[in-house]
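Okay, structure first, notes after.
All figures in this text were calculated on a predicted structure; none of them were measured in a lab.
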Amino acid sequence: VIISFFFLVLINGFNFIDGVNNLCSLNFLIILIFLFIFSKDQKLLILSNEIFTLIIFLFVFVIYNFFGRNFLGDGGVYGLGFFIGYLCIIFTSLDDSISPYFIANLLWYPAFENLFSIIRRTLGRRKNYLPDNKHLHQLLFIFLKNKRWVEKKYLLSSFIGILINLYLFVGYYIGYTYHSETYFQIILIFININIYLFVYYKLENSKDD
């Protein structure tokens, strides 16, 4: 039951962040790179070969996605989200040195986006099954669009996806450095969530200025 709930939250969360170019696809790629590093360290050759193959395909996909030439769609997000969740479960079961909270650190963004959206819509008395345009990446898109820093929408969309993933990469790398220390991972997740909430409400309030 717990694992099924984990997959539902994760997959739906990835679907929520698939709103601008390079956000979801590049996030998939970065997570797989860290999993590939772990698979090489633990000499899990079968897994490492499969992950490496997927990394190559995703790398090509991310390049085209940058220019808005292709998109994951629901099928791509659900399939890759499920596969990455499955890999994370395998890694935590095969290597006791990896804190489960490091996996949570890798996946906190889509999972929290899902949870926060449910809470936000519930408090706002909006129906949770209906789409909206108040996710973090969408607020950031509107904010930068109003600033007119980038005129072409696809470039602005790609810039936002890369910008968010650069921040996430820093957190992933720090977490990877201390991947066996559970308390450190919990603190890191707590910091990331608070930064998310701070930026979100700053962007939300900026719409009224």
Fill in: Tyr172 side chain to Asn27 side chain, donor-acceptor N/O pair below 3.5 angstrom
yes
Pair up each side-chain donor or acceptor in residues 1-11 with any protein partner under 3.5 Å, not counting sequence neighbours, and list the distances.
none

Practice prompt. For side chain to side chain contact (heavy atoms under 4.5 Å, CB included), just list the numbers for Ile164 and His137, CA-CA rounded to whole Å, side-chain angles, deciding distance to a tenth of an Å, and then say yes or no.
Written response: CA-CA 8 Å; Ile164 294 176; His137 59 273; 3.9 Å; yes
From [atom1] ([X]) to [atom2] ([Y]), nearest 0.5 Å:
{"X": "Ile142", "Y": "Ser206", "atom1": "CD1", "atom2": "OG", "value": "9.0 Å"}
{"X": "Glu181", "Y": "Ile187", "atom1": "CD", "atom2": "CD1", "value": "10.0 Å"}
{"X": "Ile186", "Y": "Tyr101", "atom1": "CD1", "atom2": "OH", "value": "4.5 Å"}
{"X": "Leu29", "Y": "Asn165", "atom1": "CG", "atom2": "CG", "value": "9.0 Å"}
{"X": "Glu50", "Y": "Leu35", "atom1": "CD", "atom2": "CG", "value": "12.5 Å"}
{"X": "Leu144", "Y": "Phe159", "atom1": "CG", "atom2": "CZ", "value": "6.5 Å"}

Worksheet entry | Residues clustered with Ile174, ILVMFWY side-chain links under 4.5 angstrom | Val170, Tyr178, Phe184, Leu188
When hydrophobic residues are tied together by side-chain contacts of less than 4.5 Å, even through go-betweens, does [X] share a cluster with [Y]?
{"X": "Ile31", "Y": "Val60", "result": "no"}
{"X": "Tyr167", "Y": "Phe198", "result": "yes"}
{"X": "Val199", "Y": "Ile162", "result": "yes"}
{"X": "Phe71", "Y": "Phe141", "result": "no"}
{"X": "Phe57", "Y": "Phe67", "result": "no"}

Verify, without hydrogens or angle tests, whether [X] (side chain) and [Y] (backbone) share a donor-acceptor contact under 3.5 angstrom.
{"X": "Ser180", "Y": "Ile98", "answer": "no"}
{"X": "Gln185", "Y": "Ser99", "answer": "no"}
{"X": "Asn70", "Y": "Asn65", "answer": "yes"}
{"X": "Thr177", "Y": "Tyr173", "answer": "yes"}
{"X": "Ser117", "Y": "Glu113", "answer": "yes"}
{"X": "Asn194", "Y": "Phe190", "answer": "yes"}
{"X": "Asn192", "Y": "Gly171", "answer": "no"}

Side chains of [X] and [Y]: closer than 4.5 Å at any heavy-atom pair?
{"X": "Leu87", "Y": "Leu32", "answer": "yes"}
{"X": "Glu204", "Y": "Lys134", "answer": "yes"}
{"X": "Phe102", "Y": "Phe38", "answer": "yes"}
{"X": "Leu26", "Y": "Phe66", "answer": "no"}
{"X": "Leu163", "Y": "Leu140", "answer": "yes"}
{"X": "Phe14", "Y": "Leu80", "answer": "no"}

Item to complete: Describe, in one word, how the ring planes of Phe112 and Tyr196 are oriented to each other, choosing from parallel (under 30°), tilted (30 to 60°) and perpendicular (over 60°).
Response: perpendicular
Practice prompt. Please report the C-alpha distance between Phe116 and Leu197 in whole Å, then the side-chain angles of each, then the deciding distance to 0.1 Å, and finally whether the side chain to side chain contact (heavy atoms under 4.5 Å, CB included) criterion is met.
Written response: CA-CA 9 Å; Phe116 181 67; Leu197 293 173; 3.5 Å; yes
Item to complete: Taking the six-membered ring for Trp and the full ring for Phe, Tyr or His, determine whether the centres of Phe28 and Phe61 are under 6.0 Å apart.
Response: no
Worksheet item: Is the Phe59 to Tyr64 ring centre distance short of 6.0 Å?
Response: no
Can you name the nearest heavy-atom pair linking [X] to [Y], along with the distance?
{"X": "Ser25", "Y": "Leu58", "answer": "O-CD2, 4.2 Å"}
{"X": "Ala104", "Y": "Ile189", "answer": "CB-CD1, 3.8 Å"}
{"X": "Gly73", "Y": "Asp18", "answer": "N-OD2, 4.0 Å"}
{"X": "Ile51", "Y": "Phe36", "answer": "CG2-CB, 3.7 Å"}

Practice prompt. Establish, yes or no, whether the cationic atom of Arg120 lies under 6.0 Å from the six-membered ring centre of Phe16 and within 45° of the ring axis.
Written response: no
Practice prompt. Run the numbers on Phe91 and Tyr86 for ring-ring contact (aromatic ring centres under 6.0 Å, His included), then give the verdict.
Written response: CA-CA 9 Å; Phe91 275 97; Tyr86 174 72; over 10 Å; no
Fill in: Val20 and Leu23: CA distance, side-chain angles, deciding distance, side chain to side chain contact (heavy atoms under 4.5 Å, CB included) verdict
CA-CA 6 Å; Val20 293; Leu23 181 52; 3.6 Å; yes
Fill in: Test side chain to side chain contact (heavy atoms under 4.5 Å, CB included) applied to Tyr176 and Ile37, Leu106, Asn105, the passing residue
Ile37
Worksheet item: Which is it for Tyr154 and Arg69 under the side-chain hydrogen bond (donor to acceptor under 3.5 Å, both in side chains) test, yes or no, and what are the steps along the way?
Response: CA-CA 10 Å; Tyr154 83 89; Arg69 298 298 180 87; over 6 Å; no
Item to complete: List the steps, then state whether side chain to side chain contact (heavy atoms under 4.5 Å, CB included) holds for Leu168 with Ile30.
Response: CA-CA 9 Å; Leu168 293 173; Ile30 293 172; 6.0 Å; no
Worksheet item: For Tyr78 and Asn12, what are the C-alpha separation, side-chain angles and deciding distance, and is it a side-chain hydrogen bond (donor to acceptor under 3.5 Å, both in side chains)?
Response: CA-CA 8 Å; Tyr78 295 154; Asn12 200 39; 5.1 Å; no
